[in-house]
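The next block holds one structure in the form of structure tokens; read it before the comments.
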Amino acid sequence: MNRRRFLQQTGVAGLLASAWPAVAQSTNAPAENRAATAGLAFTTPPSLQSPSPTGVTVAIGVNGPSTAWVEFGDTPALGRVATGARHGLKPFDALVHAIRVDGLRPGQRCYYRVHAAAIDFKNAYNIRRGETVATEVFSFQTLNPKADAARFAVWNDTHENAATLAQLMTLTGRQPADFHVWNGDITNDNYREADMVRHYVGAGGQPFTRDTPLLFVRGNHDDRGPVARALDRFQATPGGRSYYSFAHGPLAGVVLNTGEDKPDTHPVYAGLGDYVAFHREQAAWLAEEIKRPQLRRAKFRVAFMHIPMWWVGDRGDGGFANDPDDPRSEWHRLLIQGKFHAVISGHTHRHALFPPDAKKPYAQMVGGGPRPAAATLIRGEATARELTLTMTDLAGTELAVWRTKG
Ligand SMILES: [Fe+2]
Ligand SMILES: [Fe+2]
């Protein structure tokens, strides 16, 4: 596919749900093949990551050694530039670029375009700039803690299932959302960084993070495989941590990293996991976070975590919140202390709703599995009066609804 056609397909016209499958086709060819026959090209649409009220990280895949930058502004005329420089060094990479755009206002619409330039890095005294490419102009809105309402859509356990991703995208596109949440298990395991570009930055061939920022939640499968430690290169999160907080409208919340689903001592990990310490670290962080005004003053509080706190039946033993030896059981106490209204999870591959009860005063909604027949879309809407969580199957049929007035 030539560059012009790729850019046309990822253009503003591609905002229409009907255009998305065409983009999916354009990103499926392996990047390295195209690099051998064509010039510099983007291998994914832009991906909006780690959103805040004043900024977002724009990531994009490339097919060869290059640098990149983002032109942005309040109007399609753009006018400002984010260079992506760190420690004085502008980006140089052959797979992916991640450029932080900052200095925005809460809730503003920001227009942007990504540029890349081929770089032939022969040696430290012989670096040549080559051709440049640019995307069309897209736009998104920053998070805004003072917004009247918050609307979000949650995916989980897509596990590289192309049919599920395509149908989820179509369903997601039917209603606007202020942000999306990918609640873990994007892949089965990570063996090649080039594949991670397609799965994480390219969202499996669906440009759903091009116009709406993404909150990324790590699942146990995202931590698997020899190159899983490179995941930060493909999904930016606040402060580079996989646990963090956010606020938008009447909603505030936290993202927690539940880690692997077996004990650190399990032989399959060969001693490479240290999740007990990591879960304690998150408990200590959460204890401080729930004291912050951003969470305390929000009308509604939600926690996103891949593995649910509670489970019953053949896929679990009651959940880690029940196990006093598991440091994640401390998260349960802290979520109660912080007056959280809901936990949204996945992992079980079977959807469920656990309304609040005597043991846990928060609701827990668990999304479904990777096959189209088992997959779900969870939508959340928080207004000044009410928080509503709705889970549907891929046909849009309602599976569960939970609402609270706080
Ligand atoms: Fe999963
Ligand atoms: Fe999982």
Side-chain angles (χ1 to χ4, degrees), residues 50 156-157 181-186 189-190 215-225 228-232 235-247 252-296 298 301-312 315-348 354 359-364 366:
S50 191
N156 63 273
D157 294 274
V181 182
W182 215 347
N183 213 354
D185 284 5
I186 281 73
D189 33 43
N190 290 309
L215 298 187
F216 178 66
V217 186
R218 278 196 196 214
N220 52 309
H221 282 269
D222 302 307
D223 275 10
R224 291 186 183 173
R229 284 149 191 81
L231 183 47
D232 286 339
Q235 272 296 331
T237 45
R241 289 193 303 202
S242 54
Y243 57 91
Y244 53 91
S245 61
F246 65 92
V254 293
V255 165
L256 292 164
N257 183 344
T258 46
E260 264 295 359
D261 60 354
K262 291 177 267 300
D264 290 347
T265 50
H266 195 288
V268 292
Y269 303 134
L272 291 180
D274 194 11
Y275 291 103
V276 170
F278 184 49
H279 293 146
R280 282 204 190 102
E281 175 186 318
Q282 292 180 72
W285 171 82
L286 185 57
E288 292 306 311
E289 200 63 25
I290 58 176
K291 297 177 194 163
R292 290 183 55 206
Q294 171 175 291
L295 273 173
R296 276 195 299 114
R301 284 163 289 276
V302 172
F304 294 101
M305 63 185 79
H306 176 70
I307 300 177
M309 303 279 279
W310 303 91
W311 192 249
V312 288
R315 288 294 300 255
D317 55 0
F320 57 72
N322 258 340
D323 179 359
D325 293 330
D326 189 322
R328 291 173 295 187
S329 63
E330 178 66 10
W331 300 2
H332 164 63
R333 285 184 285 280
L334 290 165
L335 293 181
I336 295 173
Q337 199 181 319
K339 296 189 167 60
F340 273 68
H341 297 87
V343 166
I344 298 178
S345 292
H347 181 65
T348 58
F354 297 74
K359 219 170 174 183
K360 49 170 182 40
Y362 52 85
Q364 179 184 260
V366 183

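The shown structure was predicted, so the numbers you read here are calculated from the model rather than taken from an experiment.
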Between D157 and H347 (side chain of the first, backbone of the second, donor and acceptor by atom type, cut-off under 3.5 Å), is there such a pair?
yes
S345 side chain reached by F354 side chain, heavy atoms, under 4.5 Å
no
When you measure from the side chain of E289 to the backbone N and O of S245, does any donor-acceptor pair fall under 3.5 Å?
no
Are the side chain of H279 and the backbone of T258 linked by a donor-acceptor contact shorter than 3.5 Å?
yes
Search all heavy atoms of K291 against all heavy atoms of A287 and return the closest pair with its distance.
CE-O, 3.5 Å
Got a second to check how far L215's CG is from Q235's CD, nearest 0.5 Å?
10.0 Å
Evaluate the criterion side-chain contact (heavy atoms from CB on, under 4.5 Å) for residue pair V217 and D222; output intermediate values, then yes/no.
CA-CA 9 Å; V217 186; D222 302 307; over 6 Å; no
Please report the interatomic distance OH(Y244) to CZ(F216), rounded to the nearest 0.5 Å.
8.0 Å
Starting from the C-alpha separation in whole Å, work towards a yes-or-no answer on side-chain contact (heavy atoms from CB on, under 4.5 Å) for E330 and R280.
CA-CA 8 Å; E330 178 66 10; R280 282 204 190 102; over 6 Å; no
Applying side-chain contact (heavy atoms from CB on, under 4.5 Å), run through I344 and V181 and close with a yes or a no.
CA-CA 10 Å; I344 298 178; V181 182; over 6 Å; no
For V254 against F246, the heavy-atom pair lying closest together
N-CE2, 3.8 Å
Looking only at non-hydrogen atoms, find the nearest pair between G346 and P308 and report the distance.
O-CD, 3.3 Å
Shortest non-hydrogen contact from S242 toward T237:
N-OG1, 4.1 Å
Answer whether the closest heavy-atom distance between the side chains of E281 and Y275 falls below 4.5 Å.
no
Side-chain heavy-atom pair R328, Q282 within 4.5 angstrom cut-off
no
Hey, is the main chain of L295 close enough, under 3.5 Å, to the side chain of R301 for a donor-acceptor pair?
yes
Donor-acceptor contact present, side-chain N257 to main-chain Y243, <3.5 Å
no
Do any N or O atoms from the side chain of N322 and from the backbone of W310 form a donor-acceptor pair under 3.5 angstrom?
no
Side-chain donor or acceptor of D223 paired with backbone N/O of E260 under 3.5 Å
no
Nearest-0.5 Å distance, CG of residue D264 to NE2 of residue H266
11.5 Å
Nearest 0.5 Å, what's the CH2-CE distance between W331 and M309?
7.5 Å
Non-hydrogen atoms of P327 and A283 that approach each other most closely
O-CB, 4.5 Å
Passing candidate, side chain to side chain contact (heavy atoms under 4.5 Å, CB included) with F340, options I290, L334, V302
I290
Determine whether the aromatic ring centres of residues H332 and Y362 are separated by less than 6.0 angstrom.
yes
Check whether any side-chain heavy atom of S329 sits under 4.5 Å from a side-chain heavy atom of D323, and report yes or no.
no
State, with a plain yes or no, whether a side-chain heavy atom of W285 is found less than 4.5 Å away from one of L256.
yes
Distance alone, cut at 3.5 Å: any donor-acceptor contact between the side chains of H306 and N220?
yes
Give a yes or no answer on whether the side chain of D185 reaches the backbone of H221 with a donor-acceptor pair at less than 3.5 Å.
yes
